[in-house]
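For ligands, and for the atoms within them, numbers begin at 1 and follow the listed sequence. Residue indices begin at 1 and follow the sequence shown.
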Amino acid sequence: MKVAITHSGKQYQADFSLPIDISIPLTGTPDNVNAWYVPHPTIQPVTDGDFVGSVAAGSSTNFNNILFNPHGHGTHTECVGHITKEFYNVNEVLTTYFFITQLVSVTPEPQGEDLVITRSQLETALEGTTPEAVVIRTYPNPQTKLRKQYAHSNPPYLLEAAALFLKEIGIKHLLIDLPSVDKEKDNGALLAHKAFWNYHGELRLDATITEFIYVPDTVADGPYLLNLQIASFVNDASPSKPVLYEIL
Ligand SMILES: N[C@@H](CC(=O)c1ccccc1NC=O)C(=O)O
């Protein structure tokens, strides 16, 4: 299914029959990707007395409860409500779902004991483009990222200046393959989140951060059409399904 798109005076074409899903599947198993010290998600049949919500166990239907945490268990999209006293929910904030995006790859640089993404790395990678959304793939990029247990691993993160740069050039949606844009243990500083959402000024209520994506190596850097969909959770964050389409 080919589509022709006119956006900001430019013409694009994409083929909806060739989606590139950059979400991480969520499973109810211990090897589900994990961060923030939460137990693994569970997907279990509802039970009620003798009833077990499983066809294999004699029920008419499979009928599972799912217990998971959007921030800790996989691809999720969050709004400024992640860091504010006031309640903002991502379902109200994300109101359109297609964006022109740029996929960039960076190798985080050592800074003391950390690995960080710098402003100049993003400047270089974006090559002067100012898309609505940026998808950041970090190297190395092994497939084990799909089930990595990140707790206490001090994953790479974005420097405050890098997040400020993305805000300055008007990026509305930031997607990254790490558990957070900030350092794991930062005593609540959350510098990159705050910079991107302009926490100390007028909040960028319509800006989102999507963490825990996975972009396979076979996908080349460059421009894409992004379809960013969430489940309609009234919460600061929701599991999400970002999908890229090559621009033809
Ligand atoms: N680094 C923060 C914690 C943090 O960032 C966080 C904690 C739980 C769930 C998500 C978090 N950040 C996600 O981007 C801290 O050390 O307080």
What part of [X], side chain, backbone, both or neither, has a heavy atom within less than 4.0 angstrom of ligand 1?
| X | result |
| --- | --- |
| His193 | side chain |
| Leu190 | side chain |
| Glu211 | side chain |

Item to complete: Would you check whether His71 has a nitrogen or oxygen atom less than 3.5 angstrom from a nitrogen or oxygen atom of ligand 1?
Response: no
Provide the number and element of each atom of ligand 1 under 4.0 Å from a heavy atom of [X].
| X | value |
| --- | --- |
| His82 | 10 (C), 11 (C), 12 (N), 13 (C), 14 (O) |
| Lys185 | 16 (O) |
| Lys183 | 1 (N) |

Write out the residue and atom name of the closest protein heavy atom to [atom], then the distance separating them to 0.1 Å.
| atom | result |
| --- | --- |
| atom 17 (O) of ligand 1 | Gly188 N, 3.1 Å |
| atom 14 (O) of ligand 1 | Ser180 OG, 2.9 Å |
| atom 16 (O) of ligand 1 | Asp186 OD1, 3.0 Å |
| atom 7 (C) of ligand 1 | Trp36 CE3, 3.6 Å |

Worksheet item: Under 6.0 Å between the ring centres of Phe68 and Phe212?
Response: no
Worksheet item: Looking at His40 versus His73, is the centre-to-centre ring distance below 6.0 Å?
Response: no
Discussion item. Working note: Asn89 + Asp236, criterion side chain to side chain donor-acceptor pair (under 3.5 Å); need CA distance, chi angles, decisive distance, verdict.
Written reply: CA-CA 4 Å; Asn89 84 81; Asp236 66 280; over 6 Å; no
Fill in: Under-4.0 Å salt bridge between Asp221 and Arg137
yes
Worksheet item: Is Leu226 reachable from Val215 through a run of hydrophobic residues whose side-chain heavy atoms are each under 4.5 Å from the next?
Response: yes
Item to complete: May I have the step-by-step check of side chain to side chain donor-acceptor pair (under 3.5 Å) for His173 and Thr208, ending in yes or no?
Response: CA-CA 5 Å; His173 305 285; Thr208 71; 2.6 Å; yes
Worksheet item: Picking from Glu160, Glu168, Glu109, what satisfies salt bridge (charged side-chain N to carboxylate O under 4.0 Å, His left out) with Arg119?
Response: Glu168
Worksheet entry | Enclosure of Lys145 NZ (heavy-atom neighbours >12, cutoff 6.0 Å) | yes
